[in-house]
Protein chains: 2
Amino acid sequence: MLKQLQRLDEIFQALADPSRRGMVERLCLGPASVSELAKPFAMSLPAVVQHLQVLEASGLVRTEKVGRVRTCRIDDAALQTVERWVNDRRKLWERRLDRLGDFLAEENEDKS
Amino acid sequence: MLKQLQRLDEIFQALADPSRRGMVERLCLGPASVSELAKPFAMSLPAVVQHLQVLEASGLVRTEKVGRVRTCRIDDAALQTVERWVNDRRKLWERRLDRLGDFLAEENEDKS
DNA sequence: CAGTTGCTTAAGCATTCACTTAAGTATCAA
DNA sequence: TTGATACTTAAGTGAATGCTTAAGCAACTG
């Protein structure tokens with residue numbers, strides 16, 4: 001629970017970069033090796049690996065090395081954490097709008 | 001549509017900072033002035049305003065000045081944009097896991 | 001009109017970020 | 001064992017980030 005809050009920083013930070021979001025999108029279709037992941041991007045391999053490290057540190061991606069190939073896959077828990085945070089905020093805000101709506105409706109009733 | 005994708009960068013970037021997330025959380029309870037918003041934070045007012053500018057540029061927050069008071073409120077559309085992106089990713093990933101599950105189930109059937 | 005309040009502008013500064021190139025180190029394949 | 005493949009490590013660089021202080025300005029308050 002405490003860990004999750006700390007990690008929200010890193011998760012949002014990780015998702016703020018379009019290359020990293022691209023990698024997440026790719027990985028949502030299934031696991032991939034580092035060089036597979038790198039292919040669509042016009043940057044050096046070390047740059048890709050650095051992005052990958054950010055993604056892994058945030059918990060969005062897990063990786064595992066077998067032989068000389070590192071395989072990367074989505075870790076759903078981090079995505080759930082984001083989803084939950086955003087959802088909770090939206091709920092709060094919408095509830096407020098509802099209450100405001102009720103209030104205005106009552107005001108109108110009073111006036112009519 | 002195109003605008004939204006560009007803005008995902010800024011939205012996630014905005015949410016990556018705990019102070020800014022704090023401000024969003026506060027604003028989900030209702031609008032607030034800049035100084036109200038600043039109160040919980042141990043930083044200078046200009047710093048708060050700079051955070052606010054990031055939030056506004058991302059579309060998460062709208063502000064409006066009346067007299068000398070600037071009132072800030074949540075703009076739900078940006079939160080929806082995040083929610084949609086994360087939701088779409090999760091759906092893709094889960095569908096993949098389902099297909100994988102089916103595949104493994106079939107394999108087991110074959111073996112039995 | 002003078003003072004206070006609520007923000008705004010500007011400039012500076014240390015740190016972090018997103019890369020780069022160059023030089024490794026393990027595998028695997030022939 | 002030689003070469004190619006798949007990363008890995010290290011060091012450097014320019015730009016962006018998250019602050020700060022100092023000074024302003026406009027609007028309400030008495």
Side-chain angles (χ1 to χ4, degrees), chain A residues 5-27 30-74 78, chain B residues 5-27 30-75 78 82:
Chain A
L5 276 182
Q6 266 186 324
R7 201 164 269 190
L8 260 185
D9 291 27
E10 298 177 282
I11 295 175
F12 279 124
Q13 183 65 39
L15 292 175
D17 185 277
S19 308
R20 284 193 295 258
R21 270 202 316 282
M23 293 176 195
V24 167
E25 287 175 8
R26 163 65 188 79
L27 289 177
S33 73
V34 173
S35 32
E36 275 173 331
L37 258 188
K39 215 159 272 171
F41 297 100
M43 65 178 83
S44 67
L45 196 67
V48 171
V49 173
Q50 279 162 26
H51 281 307
L52 217 37
Q53 280 165 357
V54 173
L55 287 169
E56 199 169 4
S58 75
L60 281 162
V61 167
R62 270 174 313 114
T63 78
E64 177 195 14
K65 194 163 185 179
V66 175
R68 55 185 171 173
V69 176
R70 178 170 298 279
T71 302
C72 315
R73 68 190 70 243
I74 291 291
Chain B
L5 277 182
Q6 266 187 325
R7 201 163 269 190
L8 261 185
D9 290 28
E10 298 176 282
I11 296 176
F12 280 124
Q13 183 65 40
L15 293 176
D17 184 277
S19 308
R20 285 194 294 259
R21 271 202 317 283
M23 293 177 195
V24 168
E25 287 174 7
R26 164 62 188 81
L27 289 177
S33 72
V34 173
S35 33
E36 275 174 330
L37 214 47
K39 215 160 270 171
F41 297 100
M43 64 178 83
S44 67
L45 196 67
V48 170
V49 173
Q50 281 162 25
H51 281 307
L52 217 36
Q53 281 165 357
V54 174
L55 287 169
E56 199 169 4
S58 76
L60 281 163
V61 167
R62 271 176 312 114
T63 79
E64 179 195 13
K65 194 164 183 176
V66 175
R68 55 183 171 172
V69 177
R70 178 171 298 278
T71 302
C72 315
R73 70 189 68 244
I74 290 292
D75 188 341
V82 183

Q: Report yes if at least one side-chain N or O of Ser44(A) is closer than 4.0 Å to OP1 or OP2 of dC19(C); otherwise report no.
A: no

Q) Who are the side-chain hydrogen bond (donor to acceptor under 3.5 Å, both in side chains) partners of Glu25(A), not counting sequence neighbours? A) Trp85(B)

Q: Assess whether side chain to side chain contact (heavy atoms under 4.5 Å, CB included) is satisfied between Thr71(A) and Val66(A), documenting all intermediate values.
A: CA-CA 8 Å; Thr71(A) 302; Val66(A) 175; 5.8 Å; no

(Q) Strictly below 4.0 Å: does His51(A) bring a side-chain N or O up to OP1 or OP2 of dC17(C)? (A) no

Q: Report which part of the nucleic acid Ser35(A) touches: base, sugar-phosphate, or nothing (heavy-atom distance under 4.0 Å, all strands).
A: sugar-phosphate

**Q.** d(CE, Met43(A); P, dA18(C)) in whole Å
**A.** 10 Å

Q: Would you indicate which nucleotide in dC19(D), dC7(C), dA6(D) comes nearest to any side-chain atom of Val69(A)?
A: dA6(D)

Q.
Restricting to non-hydrogen atoms, name the atom on Gln13(A) and the atom on Arg20(A) that form the minimum distance, rounded to 0.1 Å.
A. O-NH2, 3.2 Å

Could you write out each protein N or O paired with an N or O of nucleotides 8-14 of chain C at a distance under 3.5 Å?
unit_1 : atom_1 : unit_2   : atom_2 : d
dT8(C) : OP1    : Arg70(B) : NE     : 2.6
dT8(C) : OP1    : Arg70(B) : NH2    : 2.6

Q: For side chain to side chain contact (heavy atoms under 4.5 Å, CB included), just list the numbers for Val54(B) and Gln50(B), CA-CA rounded to whole Å, side-chain angles, deciding distance to a tenth of an Å, and then say yes or no.
A: CA-CA 6 Å; Val54(B) 174; Gln50(B) 281 162 25; 5.9 Å; no

**Q.** For atom CZ of Phe12(A) and atom C1' of dT17(D), their distance in whole Å
**A.** 18 Å

(Q) So, using side-chain contact (heavy atoms from CB on, under 4.5 Å) as the criterion, who are the partners of Pro18(A) when residues are at least two apart? (A) Arg21(A), Asp9(B)

Q: Check side-chain hydrogen bond (donor to acceptor under 3.5 Å, both in side chains) between Ser19(A) and all other residues, then give those that pass, not counting sequence neighbours.
A: Asp17(A)

Less than 3.5 Å apart, which donor and acceptor atoms pair up between the side chains of residues 58-65 of chain B and the rest of the protein, not counting sequence neighbours?
unit_1   : atom_1 : unit_2   : atom_2 : d
Ser58(B) : OG     : Leu55(B) : O      : 2.7
Ser58(B) : OG     : Leu60(B) : N      : 3.2
Arg62(B) : NE     : Asp75(B) : OD2    : 3.4
Thr63(B) : OG1    : Glu56(B) : OE1    : 3.4
Thr63(B) : OG1    : Glu56(B) : OE2    : 3.1
Thr63(B) : OG1    : Arg70(B) : NH1    : 2.8

Q) Which residues pass the side-chain contact (heavy atoms from CB on, under 4.5 Å) test with Ala57(B), sequence neighbours left out? A) Glu10(B)

Q: Starting from P on dC19(D), measure out to CZ on Arg20(B) and report it in whole angstrom.
A: 8 Å

Q: Measure from CG on Leu37(B) to P on dC7(C) and round the result to the nearest Å.
A: 10 Å

Q: State which residues pass side-chain contact (heavy atoms from CB on, under 4.5 Å) with Ala32(B); sequence neighbours excluded, sorted by chain then number.
A: Arg26(B), Leu27(B), Glu36(B), Leu37(B)

Q. What's the CG-C1' distance between Asp9(B) and dA16(D), to the nearest Å?
A. 14 Å

Atom pairs, protein N/O to nucleotides 26-30 of chain C N/O, distance under 3.5 Å:
unit_1  : atom_1 : unit_2   : atom_2 : d
dT27(C) : O2     : Arg68(A) : NH1    : 3.0

Q | Spacing between Glu64(A) atom CD and dA6(D) atom P, to the nearest angstrom | A | 18 Å

